[in-house]
Structures are given as C-alpha cells and as structure tokens.
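Shown next, in structure tokens, is the structure this report addresses.
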Amino acid sequence: MGRLILTCGEPAGIGPELAARALGCGVDFVWLGDPRHLPPGTPVTEIITPGDPAPPGHLPVLRHDFAAPATPGRPDPVNAKDVIEVIARAVRLVMDGRAAAITTLPISKQALKQGAGFAFPGHTEYLAHLAGGADVAMMLASTTVTPPCRVVPATIHIPLEQVPTAFTADALERAIRITHAALIRDFGITTPRIAIAGLNPHAGEGGTMGGQETDWIAPLIARLRAEGLNLAGPLPADTMFHAPARARYDAAVCAYHDQALIPIKTLDFAGGVNVTLGLPFIRTSPDHGTAFDIAGTGRADPASTIAALRMAADMAANRA
C-alpha cells in the first residue's frame, strides 16, 4: 500500500501544527503544502514524489509554494488559490495511483470564497467535482466509542427551513445505497446493517407529528429491504444513539446535518472522522475546523487528525 497524502488546509489555521504533531502516529504519510507554514523547528525532508524516503522522525513534504507566508489566526486571501490547488494536486496524485488515500486538513470556506471565488459549499462537494461528478455522501465516524457511531446525513449544508423539501425519496435512497456500498468496500462489513432516522419527532408517531415517515420513508425502506438490504426504520432519532441502540446497526442515515452530527460530536468529539463516501479514492478529514482562535498557540489537539490518518490507512487496506 502506498503512502497517504495529508493536505495542508488553511495555513493560517491549526492545520500546520496538527501535521507536525501527527508525526509518529504510526501512519506513513506525506504532507502537501508550503514548508514555510509549518511550526518553526519541524523536522522536514522535502521529497519529489509521494514514495520518496525521508529520515525517521522527519515530516516528508511535497512542496507547494504559496503566494504568501501565513500568520496564525489571520487567513490571507492571496493564499486561497494555493489552498484549492493543493487539494486538486492531491486528487491527481491519488487518482494516478501514486498515493493510497487523502486526508485533508481543515479549510476556511469563507477565506476561499473571498480570495478565490470558491464556488463549492465545502471540501466534499469540491472533491466530488474533481472526481468527475461522483455521487457522494458525508459520513462522520467515531474511533474511540464502543459500539461505534457512524452517521450519514441525507441532506448536508443547507438551511433547516429547506430540509423538508430537499429530503426526498431520491435523496434518502441515494444516501442509503452509497452508505451500503461503502460499508462493504471501505469498512470490510460484509452484510451492513443500516438504521434510518425519521424526519419528524418520534418518527412522525403514526402521522400525528408529520407524514413523511408513513407516506414515503417506510415504503422506500420496504422496497430496499426486498432487494436484500438490511435496514431498520424509520426510527425516532432521539432514541437511536445510546450504546444498546448503536449495537444494532453499523451506520445510521439521518435526514439532516444536525440530526446526524450532534450525536457523534457529543459521543466522540476528539475522535470523530469525516469520510467522503462514494469517491473513486479514499478521503478522510478531522472532524473540526480551522480553529483560528487557537492557531499558533500549540493548544490544537491532534487526536482527530491522527484518527483520520489511521482510518484512511485502514480503508485503503480494505480496498486493497
């Protein structure tokens, strides 16, 4: 299995210090970015291709020169284009078979939009674009709780008021099918068990609190069960995430962003990993943002970055 690529993310955030602190985590990775942005004293060896060797204890760096240095906590718009190009360069390398997987450090969508007119809601959508319009879904997966918590929202970065119209039978079926395939291919689960959350409180309670569950969610689940998928639901979201409930499924597909992300961030904030399902390559990311408020202070917790690297390595091994 080849090396992983860790992209630099927003250089004014905590990404550079997380890369340095992930050294020695047991995963063979190369950092793609501008060495000037790393914390002073970071042991660095610049390499030409992802497979080139580096001395033990050194961070192998695929150099990508940025327009400007980085000031922790203060994103510079002139660096936005380079942040975007680093992601695209990593995708080219992994698509060409020169790397095993990508782990991305956090970007600032606001900084990218201001500095480069970034037209995508986030990393996930941009990666799908780079992969030729792949049909993708976002999974958040725990690494430190048992049973594990894996959640996939069927709708992602949209206002809550838009959820009832965006959460359609097509959107839910797409999320279920992508999740089912990924659990087999990337997580090594031969017969995935997937729980489906209802949209409304108490999963609609027989239509008294909303009709989506009886009108189309339950019939969709029945149709997919007839195809052989192991599905449970629609279930009340407020009783799906305690340990005995999680033991009954391998992943939960939820209706909207917070319904999925609040449980996992409560259960495993430091160990949560963002996984993009459905791509022709493996991509993971720490489950947090740029943290401009603590950038450069040395207080950034590398646990989620290390978990993302380890999960990417495990997924690559499963695909192999």
Side-chain angles (χ1 to χ4, degrees), residues 25-27 101 103 124 136-156 172-173 175-199 201-203 213 217-218 221 224-225 228-278 282-288 301-319:
C25 71
V27 177
T103 295
T124 300
V136 300
M138 180 178 75
M139 172 185 280
L140 277 295
S142 69
T143 59
T144 69
V145 297
T146 303
C149 182
R150 303 185 187 101
V151 293
V152 177
T155 63
I156 309 179
L172 179 56
E173 180 173 355
I176 292 169
R177 290 191 184 278
I178 293 172
T179 302
H180 182 265
L183 288 170
I184 296 171
R185 179 175 65 170
D186 296 330
F187 291 86
I189 300 172
T190 306
T191 307
R193 303 165 301 161
I194 300 174
I196 316 299
L199 172 65
H202 301 183
E213 288 78 8
I217 298 176
I221 291 172
L224 295 179
R225 281 194 193 123
L229 277 68
N230 187 347
L231 307 178
L235 302 172
D238 63 348
T239 58
M240 285 177 60
F241 296 103
H242 60 291
R246 297 197 313 276
R248 295 193 288 269
Y249 60 81
D250 301 301
V253 174
C254 298
Y256 56 94
H257 183 280
D258 284 10
Q259 189 186 60
L261 271 63
I262 288 173
I264 189 168
K265 291 192 176 187
T266 301
L267 291 166
D268 197 11
F269 187 82
V273 175
N274 186 336
V275 185
T276 304
L277 309 181
I282 293 161
R283 179 264 178 159
T284 65
S285 178
D287 182 23
H288 57 68
D301 184 354
S304 187
T305 296
I306 292 171
L309 287 164
R310 289 175 175 166
M311 185 172 290
D314 289 343
M315 292 170 68
N318 284 329
R319 285 201 184 188

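Every value quoted in this text rests on a predicted model; they were computed, and no experiment measured them.
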Between Ala308 and Thr103 the two heavy atoms that sit nearest each other are O-OG1, 3.7 Å
Closest non-hydrogen atom pair, Phe241 against Ala245: N-CB, 4.3 Å
Of all heavy-atom pairs between Thr155 and Ala255, which one has the smallest distance, and what is that distance? OG1-O, 2.8 Å
Report yes if the side chains of Ile221 and Pro234 come closer than 4.5 Å at any heavy-atom pair, otherwise no. yes
With a 4.5 Å cut-off on side-chain heavy atoms, are Val136 and Arg283 touching? no
Checking the side chain of Ser304 only, and the main-chain atoms of Asp287 only, is there a donor and an acceptor separated by less than 3.5 Å? yes
Quick one: does Thr143's side chain get under 4.5 Å of Arg310's, heavy atoms only? no
Quick one: CG on Leu261 to OG1 on Thr266, what's the gap to the nearest 0.5 Å? 10.0 Å
Side-chain donor or acceptor of Glu213 paired with backbone N/O of Leu199 under 3.5 Å: yes
Spacing of Ile194 atom CD1 and Arg150 atom CZ [to the nearest 0.5 Å]: 11.0 Å
Hey, does Leu224 have a side-chain heavy atom less than 4.5 Å from the side chain of Arg177? yes
Straight-line distance of Ile176 CD1 to Leu229 CG, nearest 0.5 Å: 7.5 Å
Closest approach of Thr284 and Met315, non-hydrogen atoms and distance? CG2-SD, 4.0 Å
Excluding sequence neighbours, so at least two apart, what forms salt bridge (charged side-chain N to carboxylate O under 4.0 Å, His left out) with Asp268? none
Summary of salt bridge (Lys or Arg N to Asp or Glu O under 4.0 Å) pairs that have at least one residue in residues 136-148, sequence neighbours excluded: none
Taking the side chain as everything from C-beta on, heavy atoms only, tell me whether His288 gets closer than 4.5 Å to Thr305. yes
Let me confirm one number: the SG-CE distance from Cys149 to Met240, rounded to the nearest 0.5 Å. 9.0 Å
Option among Val145, Thr144, Leu140 that satisfies the side-chain contact (heavy atoms from CB on, under 4.5 Å) test with Ser142: Val145
How many angstroms lie between CD1 in Ile184 and OG1 in Thr191, if you round to the nearest 0.5 Å? 7.5 Å
Is there side-chain contact between Pro153 and Gln259, with at least one heavy-atom pair below 4.5 Å? no
Is the shortest heavy-atom distance from the side chain of Arg319 to the side chain of Asp186 under 4.5 Å? yes
Is the closest side-chain heavy-atom distance between Leu183 and Met139 below 4.5 Å? yes
Approximate separation, where rounding is to 0.5 Å, of His180 NE2 and Leu277 CG: 13.0 Å
Any salt bridge (Lys or Arg N to Asp or Glu O under 4.0 Å) involving residues 237-255? Give me the pairs, sequence neighbours left out, ordered by first then second residue. Arg193-Asp250
Might you point out which heavy atoms bring Leu235 and Ala195 nearest each other, and give the distance in Å? CD1-CB, 3.9 Å
List the atom of Ile306, the atom of Cys25, and the distance in Å for their closest heavy-atom pair. CG2-CB, 3.7 Å
